[in-house]
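Just below is one structure, and these are the notes that go with it.
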Amino acid sequence: MKNNNNLFQKELVNEALKQSFIKLNPSKMFRNPVMFMVWIGTIVMAGVCIWIAAGEQNQGSLVYNIFVTTILFMTLLFANFAEAIAEARGKAQADSLRKTREETPAKLVKKEVLNVKSLFDLIASDFLLTTSNALKKGDVFLCELGDIIPSDGEIIEGLATIDESAITGESAPVIRESGGDKSSVTGGTKVLSDRIKVKVTTEPGESFLDKMIALVEGASRQKTPNEIALTILLAGFTLVFIIVTVTLKPFGDYAQTPITIAAFISLFVCLIPTTIGGLLSAIGIAGMDRALRANVITKSGKAVETAGDVDVLLLDKTGTITIGNRKATHFHLVNGIHEKDFTKAVVLSSMADETPEGKSIIELAGTNPLSYEVNNPEFINFTAETRSSGVNYDNTRIRKGASDAIRNLVEKAGHSFPKEIEETVKTISSNGGTPLVVSENEKVLGVVELQDIIKPGIQERFERLRKMGIKTVMVTGDNPLTAKYIAEKAGVDDFIAEAKPEDKMNYIKKEQADGRLVAMMGDGTNDAPALAQADVGVAMNSGTQAAKEAGNMVDLDNDPTKLIEIVEIGKQLLMTRGTLTTFSIANDVAKYFAIVPALFIASIPALQGLNIMNLHSPETAILSAVIFNAIIIPMLIPLALKGVAYKPIGASALLRRNLLIYGLGGVLIPFIGIKIIDLLVSLFF
């Protein structure tokens, strides 16, 4: 999905230019009240030109009126071009996505063998060769090395390495497997190893890729509530300026100053907020486009916008705040126990432990497990019931597990649990670690300290969020002591310890009841209720179908920290819209001082004092204003598409900064621009 970021590629510009003319259709123009009024003004001016050509003498020269009409027409084209170039960028991405949606062969598993044969017992006669378009929801297909996955689904048996570069743009393969929160696969991705049995989760034409294409093209884009509210506000401004312009007629008659139709329409078009009116749709489309370029699929523009207003952010501890794999960092021995004896016990108990924690214990011990010769070892796997693992050999029983589990084992055998180990366990837990107590023949030897390493740079990211005014909440299954330590070390504002699915849900509801907007990221079926409840729910692409359907965004990169980037994209969208609205409205001041004094200066010489730009004549003043009004739209297109640079400096500081740059700039730039244009236009009029 990492496409060329060049805003004005030749192919996109050509397509946008063509669409600029197509969008002149009144049924399309009507959806934008501001530009629709400009469209009406252009039609009226075309009629005035015909009237003058037929002999009318009181409306100025034909050349002057044609020039005004042409500039108004160019204003429409520039506004349409802004929207069209944003849409063209989306359609270009949609075309690249379509290449992955071509009809794909599928191995449909026959129903009669579905529940009879296991994955590795299936042979060629057990499945039918069909196509992706023929697959229905609930069907089960087989994928092997080299196969393209024909449809969205969930792995119900097996595991495989998947190349998702066609969807995410990332070349690194990922592992997907049945029975967990990494079971979802997307149509169009490729199997690089092993074989999997996949259950189809969507109907034809409703796949994740189909929805992506529709969203990217803008076919399913609807105006967000804020966008609708701003459109209504701009329509209100337009109505006000209709009244302002119409009331100039009696003033002109009273002052015995003839005002041409061209002057009325030019004044009206210059006073209404055409700049933001022409760029509004482009800003909304570009916001979704920026999210897509960050490899986030948004189900609506509202989701991006809401992200910009988020007050509370829920983040999982594991894999988000911490690296996710706990590592053995220290051995704590009981007084009187020799280090060699403890090392032997801890290494033997970890020989069959394939988890990252088990491997790190052997790594910390620095001893090759094969150096210990034991007869017929019987390895005891960890279970949720015993909460311990270990090994039996000869007459020796070694166990490694949670402190309370080993305590029960030791006390049941009639031995005491050392006080020093109790203190060590408490200290490790309060420092955010996980203590694993080791015993041999029901006697405690010592403790292995595991630490979940906090990701480098995460504190700075949370500080950045704090400057945005966003409260961060860590969600973890750890005990409160461990959770508190990690929360303080990482710099999060709050935490939910020993969290169950309903705890997340209740926390979100509580924050929302206090009027806050909540964002959350999840990947499992148990996250689905909370994702649906959150104002911004970001589901991992690797997660379950339930999670992806519950959220209103999907992160293709499966990056748990992507929420932070999404919030910044949302804030940038809101800022861009706000700053360009400020700039557009501020523009009116200069255009008012350009046109109104020029209209009455001949009959009311005292108005010369308002002609602060010292414009050449009424005709050049009007032409300069409408030309500036037209060309400012294409000049601001790059800003509308790229967005205003966002800095986390707080809402009030941002407001002051934007009012200074875009408010004051919106007043001063038109004065300079109109004066320069007037100097050039006066050479011809």
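Quick note: numbers below take in every heavy atom, side chains included, and nothing from hydrogens, waters or symmetry partners. Count residues from 1 along the sequence.
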Notebook entry, point to check: Parallel, tilted or perpendicular: which describes the rings of Tyr662 and Phe583, with under 30° parallel and over 60° perpendicular?
Noted result: perpendicular

Item checked: Short side-chain to backbone donor-acceptor contact, Thr576 and Val644, under 3.5 Å -> yes

Check: Would a line drawn from the ring center of Phe30 to the ring center of Phe36 be shorter than 6.0 Å?
Finding: yes

Next item on the list: For Asn65 and Gln59, indicate whether the former's side chain and the latter's backbone hold a donor-acceptor pair under 3.5 Å.
Entry: yes

Next item on the list: Check whether more than 12 heavy atoms from other residues, nucleotides or ligands sit under 6.0 Å from atom CZ of Phe671, and answer yes or no.
Entry: yes

Item checked: Atom pair OH (Tyr64) and CG (Leu623), whose distance is rounded to the nearest 0.5 Å -> 5.5 Å

Next item on the list: Would you kindly say whether Thr620 and Ser617 are connected by a side-chain donor-acceptor distance under 3.5 Å?
Entry: yes

Item checked: Ser584 side chain to Leu580 backbone, donor-acceptor under 3.5 Å -> no

Item checked: Backbone N/O of Cys270 and side chain of Lys591: donor-acceptor pair under 3.5 Å -> yes

Note to self: Side chains of Thr306 and Asp535 only: does a donor on one sit below 3.5 Å from an acceptor on the other?
What the structure shows: no

Margin query: Keeping Lys562 on the side-chain end and Ala294 on the backbone end, is there a donor-acceptor pair under 3.5 Å?
Written below: yes

Notebook entry, point to check: Charged N to carboxylate O under 4.0 angstrom, Lys571 versus Glu568?
Noted result: no

Checklist line | Pairwise distance OG1(Thr274) to CG(Asn587) - rounded to 0.5 angstrom | finding: 8.0 Å

Checklist line | Polar side-chain atom of Asn32 near backbone of Gly277 as donor-acceptor pair, under 3.5 Å | finding: yes

Notebook entry, point to check: Just wondering, more than 12 heavy atoms not from Phe237 lying within 6.0 Å of its CZ?
Noted result: no

